[in-house]
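What you see is a predicted model; the values in this text were computed from it and never measured.
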Amino acid sequence: MKAAVIESVGRAVVTEVPDPTPGPRDVVVEVAACGICGTDLHILQGEFAPKLPIVPGHEFAGQVVGIGSQVTEVAVGDQVAVDPSLYCYECRFCRDGHNNMCERWAAIGVTTAGGAAQYAVAPVANCVKLPDHVRPQDAALIEPLSCAVRGYDILNSRLGAHVLIYGSGTMGLMMLELAKRTGAASVDMVDINPARLETAKLLGVSGSAANADELDRPQGWEIVIDATGNAAAIQDGLGRVAKAGTYLQFGVADYATRVTIDPYRIYNQEITITGSMAVLHSYERAAELFANGVLNPDVFISDRIALENYPQALEQFAAGVGRKIVVTP
């Protein structure tokens with residue numbers, strides 16, 4: 001079959017690889033679409049993936065075309081979205097309900113072959129059947145949405161909060177949509193990319209600017225979310241949190257990224273700084289939210305690019321052009 005392969009640091013190609021074979025409790029999915037996200041760039045840069053080469057792609061959905069001998073939950077022909085998370089269920093973090101902190105954490109498309117291919121293998125437990133009205137070509141959005149749902153689980157925000165989001169890419173826009181639906185009094189957004197801010201305006205952001213100084217909230221925001229992973233944005237965001245407010249590190253920064261915090265201010269103003277890592281007990285909820293129309297795929301997916309052009313799709317994503325980019329086999 002045809003698949004994208006990150007062969008070495010900085011090098012992605014499209015080539016032929018062996019067809020996948022399911023284990024007893026696995027299914028084979030004919031991929032309808034696979035999203036590209038920041039994690040894929042980190043893998044290309046030599047981070048996250050424990051070894052190369054790897055077939056990337058952890059945001060994907062499609063049709064079941066093969067099942068293992070012990071699979072009864074889905075049948076050939078079912079449309080499914082795939083939670084890429086692979087946990088050991090044995091370490092102390094898994095036993096304590098913090099599976100995303102698993103000591104043997106793994107993921108489809110990161111540590112094992114993923115969905116940037118014609119076919120992919122997944123445990124049946126990771127497959128969520130899609131309602132008939134949901135197109136699998138759009139359902140690659142469910143995985144990033146499940147990360148956003150996890151982020152809001154961490155925030156545990158109060159009704160009427162004023163929210164500031166850095167970054168109006170896919171993840172920032174998803175956080176915007178969830179903030180609107182969880183009772184925010186206002187949601188403001190900062191981004192240096194004016195085209196992306198236009199999408200935020202289309203989705204009903206309260207205020208948008210290239211710099212938070214333009215948003216006229218000198219007392220700060222009760223909730224500040226970074227969805228960029230950019231050091232300058234993170235540093236600025238930490239300084240915008242209101243007294244008794246919460247800062248959420250949601251964007252994925254490079255390993256080497258460093259910022260400065262003010263311990264006295266954190267103490268004196270009772271500021272909470274927290275993070276949200278990937279998916280945790282949120283994929284099925286995200287699938288239901290998606291099926292109920294929480295996101296408009298026509299707004300969120302800006303480009304559908306053929307799999308054979310995967311390296312070019314990565315370059316476009318790295319350049320910040322467009323919103324969610326999906327590749328289609």
Side-chain angles (χ1 to χ4, degrees), residues 1-5 14-37 40 49 53-90 94 99-100 102 104-147 278-291 297 304 306-307 310 326-329:
M1 69 170 183
K2 186 183 297 182
V5 178
V14 177
T15 187
E16 291 290 325
V17 300
D19 289 346
T21 301
R25 292 284 295 158
D26 293 337
V27 304
V28 178
V29 176
E30 183 178 10
V31 177
C34 178
I36 291 178
C37 100
D40 300 312
I54 188 75
V55 176
H58 58 281
E59 304 175 357
F60 67 98
Q63 183 180 67
V64 175
V65 294
I67 59 175
S69 59
Q70 298 177 15
V71 171
T72 59
E73 296 88 343
V74 300
V76 171
D78 286 344
Q79 307 284 358
V80 297
V82 178
D83 179 350
S85 308
L86 301 172
Y87 308 129
C88 75
Y89 298 101
E90 296 176 353
C94 284
N99 303 69
N100 61 333
C102 175
R104 303 177 186 88
W105 183 90
I108 300 168
V110 180
T111 60
T112 65
Q118 291 177 293
Y119 302 96
V121 168
V124 66
N126 292 54
C127 296
V128 176
K129 285 199 282 188
L130 299 172
D132 291 341
H133 71 277
V134 174
R135 301 191 309 164
Q137 296 92 331
D138 299 333
L141 290 170
I142 291 174
E143 195 281 337
L145 179 59
S146 71
C147 295
V279 181
L280 181 63
H281 310 312
S282 55
Y283 196 90
E284 287 79 4
R285 286 181 290 149
E288 288 194 84
L289 286 168
F290 187 79
R304 300 179 189 269
L307 176 62
Y310 185 85
V326 300
V327 293
T328 57

So which heavy atom on [X] is nearest to which on [Y], and how close?
X	Y	result
Ala286	Leu145	O-CD2, 3.5 Å
Gly114	Ile108	CA-CG2, 3.7 Å
His281	Arg285	O-NH2, 2.7 Å
Gly35	Asp40	O-OD2, 3.9 Å
Ala120	Pro20	N-CG, 4.4 Å
Ala122	Val82	CB-CG1, 3.6 Å

Indicate yes or no: at least one non-hydrogen side-chain atom of [X] is less than 4.5 angstrom from one of [Y].
X	Y	value
Tyr310	Ile36	yes
Val27	Val71	yes
Val14	Lys2	yes
Val65	Tyr119	yes
Val110	Pro56	no
Val80	Val128	no
Pro136	Gln63	no
Glu30	Met1	no

Rounded distance [0.5 Å steps], [atom1] in [X] versus [atom2] in [Y]:
X	Y	atom1	atom2	value
Arg104	Thr111	CZ	OG1	13.5 Å
Leu130	Ile142	CG	CD1	5.0 Å
Arg25	Gln70	CZ	CD	7.0 Å
Leu86	Asn99	CG	CG	11.5 Å
Cys102	Tyr87	SG	OH	8.5 Å
Asp26	Ile67	CG	CD1	11.5 Å

Side-chain donor or acceptor of [X] paired with backbone N/O of [Y] under 3.5 Å:
X	Y	value
Ser146	Ser282	no
His133	Ala291	yes
Asp83	Tyr283	no
Gln118	Pro329	no
Arg304	Val327	no

inquiry  = Could you go through His58 and Cys34, starting from their C-alpha distance and side-chain angles, then the distance that decides it, and tell me whether this counts as side-chain contact (heavy atoms from CB on, under 4.5 Å)?
reply    = CA-CA 7 Å; His58 58 281; Cys34 178; over 6 Å; no

inquiry  = Any carboxylate oxygen within less than 4.0 angstrom of a Lys/Arg side-chain nitrogen, looking at Lys129 and Glu284?
reply    =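 Glu284 and Lys129: not salt-bridged.
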
